[in-house]
Each structure stands twice: as C-alpha cells, then as structure tokens.
Amino acid sequence: MSTLPLRWRNDHMFLEVEDGLWLLDTGAPTSFGASSTLAFAGEEFQLDNSYFGLTPDTLSGYVGMACAGLLGADVLGRFDFIFDIPGEQVVLSGQPLEHDGVAVPLDSFMGIPVVSPRIRGTAYRMFFDTGAQVGYFQHDSLADFPSAGRIDDFYPGIGSFETETYHVDVQLGGIDFTLRCGALTGLLGATLELAGTQGIIGNQLLRDRRVGYFPRRHLLVL
C-alpha cells in the first residue's frame, strides 16, 4: 500500500510522483509520459511518449500547468484507489482496499469505466472519466437545465473545443449531485454513441469527498 500526494489544480486531478505531476485520467485507455518508464506503486511500466498526438507538452498547455504525463486505464486498472481530494492524498494498493460508503457497480468499455446515473428518473450509461473537468450529456433535454456558461475543453486526437454547459441534476447510487455538463458534437459525439453511452461523468463527482475506485472489482464507492 502506498500514499501519494493528490493535487487539484485548474479543475483537474494530478498524482504527484517523483518526477512531477501526472494527470489522473480513467477515461484514457493508454498512459504516456516524457520518460519511457514509470516506477509507480512498486511496479515499473513502459510508456509511449504520446497518445493520439497528445504529448506531455501539449497536455501541459491544455491543463494550464506543467505535467510529466498522463495515467490512463492501463496503469490505473491494476490498483485499488481511495481518492481524497480534500485531504490532498491518494491511497493505492495492488491488494484490495476497503472504503465505507455507497457501492456503485462499474461496467466497462475497452477498459474505460462506465456508470449508470439517473437523470430525471431515467438511467443512462456514462463513462466515468476523471480526466474530464465537466460532464457531458448527449440528450435533447440538456438545454432545459439551468445555463452554466461556455467552457473550453480538449480531447486527444481532436484538440481543443468549446461547449455550452448546463447544471444537470444527477443521481448516482442514490446520492444527488448537480454537475456541470456540456454536449459533444461531431466525431466525439459519434464515439459515445458507438460505445452505447449517453455521456460522461467527470471529476466533479470526486471534488468534495473521499471516493474508493476499485476497477478490478468493478466498484466505485461514494
């Protein structure tokens, strides 16, 4: 079991490893970094230096601060995590961890976790993506929710884009959240549709609480 610093900066989550800050991104299938190897939690991983054209330098530009790389599902999926943003730390282990709270089952698509929140009484399949600073809801009713303004975001292989956002009431595991959500168009929207999902739940879910993320057991504990 290891405990590492967890930093919340510019609406993103970063794990502080020896050589710098790494973006925590459950929504990315592949990790990458400036170095070809990463010693992490007692294991060593071989990394590419980019993913769909996204490098540590371009990633740093998008998030507004220097970062050493991105930790995606290929690395994160090997451990149990307890994320504690208020306490600025993460506990991780190759052995099962325990965390009291509401257990939410996780499905997956190509290694990316999927949850099933309810919005206005209807359940939707959505990716759980800690690399996303806002959520996304691919539904005609999105514009019926209170406006939250426009935001700049980015996606590997696509680059930066703008989206209008709204405050959407979401229930997950019987817990009520109000999440800022936009809509994805073009290739990004089509990708969600092909995956059989209707949106993305971003890192806002973790902002003010300790959360257990146990991908090997297909569980999120709120």
Side-chain angles (χ1 to χ4, degrees), residues 6 12-13 15 22-32 38 40-41 43 45-48 51-52 54 69-83 90-99 101-119 122-139 153-158 168 170-175 177 179 181 184 187-207 209-222:
L6 180 63
H12 289 91
M13 296 170 58
L15 194 61
W22 291 72
L23 182 69
L24 276 165
D25 192 348
T26 59
T30 304
S31 305
F32 65 87
L38 171 66
F40 182 69
E43 296 191 36
F45 297 92
Q46 301 297 314
L47 303 180
D48 290 332
Y51 172 68
F52 275 92
L54 189 63
L70 178 148
L71 295 174
D74 56 340
V75 172
L76 301 178
R78 298 176 63 90
F79 302 95
D80 277 15
F81 294 87
I82 297 176
F83 297 126
V90 60
V91 177
L92 64 153
S93 177
Q95 300 299 316
L97 294 174
E98 298 298 327
H99 178 57
V102 177
V104 175
L106 292 174
D107 197 357
S108 67
F109 179 83
M110 296 182 65
I112 308 303
V114 176
V115 292
S116 296
R118 302 186 73 85
I119 299 174
T122 300
Y124 297 92
R125 282 174 53 84
M126 295 187 172
F127 286 116
F128 173 56
D129 182 358
T130 60
Q133 60 180 322
V134 296
Y136 289 92
F137 183 38
Q138 304 297 103
H139 197 274
D153 207 350
F154 69 93
Y155 196 84
I158 301 296
V168 178
V170 173
Q171 188 178 79
L172 184 62
I175 301 174
F177 300 89
L179 304 179
C181 294
L184 297 172
L187 180 59
L188 290 177
T191 299
L192 289 183
E193 185 176 350
L194 287 172
T197 58
Q198 294 81 45
I200 293 171
I201 297 292
N203 60 32
Q204 301 167 87
L205 197 71
L206 313 178
R207 180 69 179 91
R209 61 180 63 233
R210 295 177 78 245
V211 174
Y213 176 57
F214 310 138
R216 297 171 301 178
R217 289 178 281 162
H218 308 288
L219 282 177
L220 182 69
V221 182
L222 303 173

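Atoms considered below: every heavy atom in the structure, side chains included; atoms not considered: hydrogens, waters and symmetry mates.
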Just list the side-chain donor-acceptor pairs under 3.5 Å for residues 69-79, sequence neighbours left out, or say none.
residue, atom, partner, partner atom, Å
Asp74, OD1, Ser31, N, 3.0
Asp74, OD1, Ser31, OG, 2.7
Asp74, OD2, Ser31, N, 3.3
Arg78, NE, Glu43, OE1, 3.1
Arg78, NH2, Glu43, OE1, 2.9

Tell me, with the steps shown, if Leu106 and Val115 meet side-chain contact (heavy atoms from CB on, under 4.5 Å).
-> CA-CA 5 Å; Leu106 292 174; Val115 292; 3.4 Å; yes
Roughly how far, to the nearest 0.5 Å, is [atom2] of [Y] from [atom1] of [X]?
| X | Y | atom1 | atom2 | result |
| --- | --- | --- | --- | --- |
| Met13 | Arg207 | CE | CZ | 10.5 Å |
| Ile119 | Phe177 | CD1 | CZ | 12.5 Å |
| Asp80 | His99 | CG | NE2 | 12.0 Å |
| Trp22 | Leu15 | CH2 | CG | 10.0 Å |

side-chain contact (heavy atoms from CB on, under 4.5 Å) between Ile112 and Asp129, intermediate numbers included | CA-CA 8 Å; Ile112 308 303; Asp129 182 358; 5.9 Å; no
What's the shortest heavy-atom distance between [X] and [Y], and which atoms?
| X | Y | result |
| --- | --- | --- |
| Val134 | Gln204 | CA-NE2, 3.5 Å |
| Thr130 | Asn203 | O-ND2, 3.2 Å |
| Ile200 | Ala132 | CG2-CB, 4.1 Å |
| Leu47 | Phe32 | CD1-C, 4.1 Å |
| Gln198 | Gly196 | NE2-O, 3.5 Å |
| Arg217 | Leu97 | NH2-O, 2.8 Å |

By ring-ring contact (aromatic ring centres under 6.0 Å, His included), which residues pair with Phe127, not counting sequence neighbours?
-> none
Identify, with sequence neighbours excluded, every residue that meets ring-ring contact (aromatic ring centres under 6.0 Å, His included) alongside His139.
-> Tyr124, Phe137
Between Tyr136 and Asp153, is any side-chain donor less than 3.5 angstrom from a side-chain acceptor?
-> yes
Hey, does the side chain of Ser116 reach the backbone of Ala123 with a donor-acceptor pair shorter than 3.5 angstrom?
-> no
Under the side chain to side chain donor-acceptor pair (under 3.5 Å) rule, collect the residues that match up with [X], sequence neighbours excluded.
| X | result |
| --- | --- |
| Tyr213 | none |
| Arg125 | Asp107 |
| Arg118 | none |

Side-chain contact, heavy-atom cut-off 4.5 Å: Arg209 with Ile175?
-> yes
Is there side-chain contact between Leu24 and Val90, with heavy atoms separated by less than 4.5 Å?
-> no
Whether over 12 other heavy atoms sit under 6.0 Å from Gln171 CD = yes
Given Leu205 and Leu220, is the side-chain contact (heavy atoms from CB on, under 4.5 Å) satisfied, shown in steps?
-> CA-CA 11 Å; Leu205 197 71; Leu220 182 69; 4.0 Å; yes
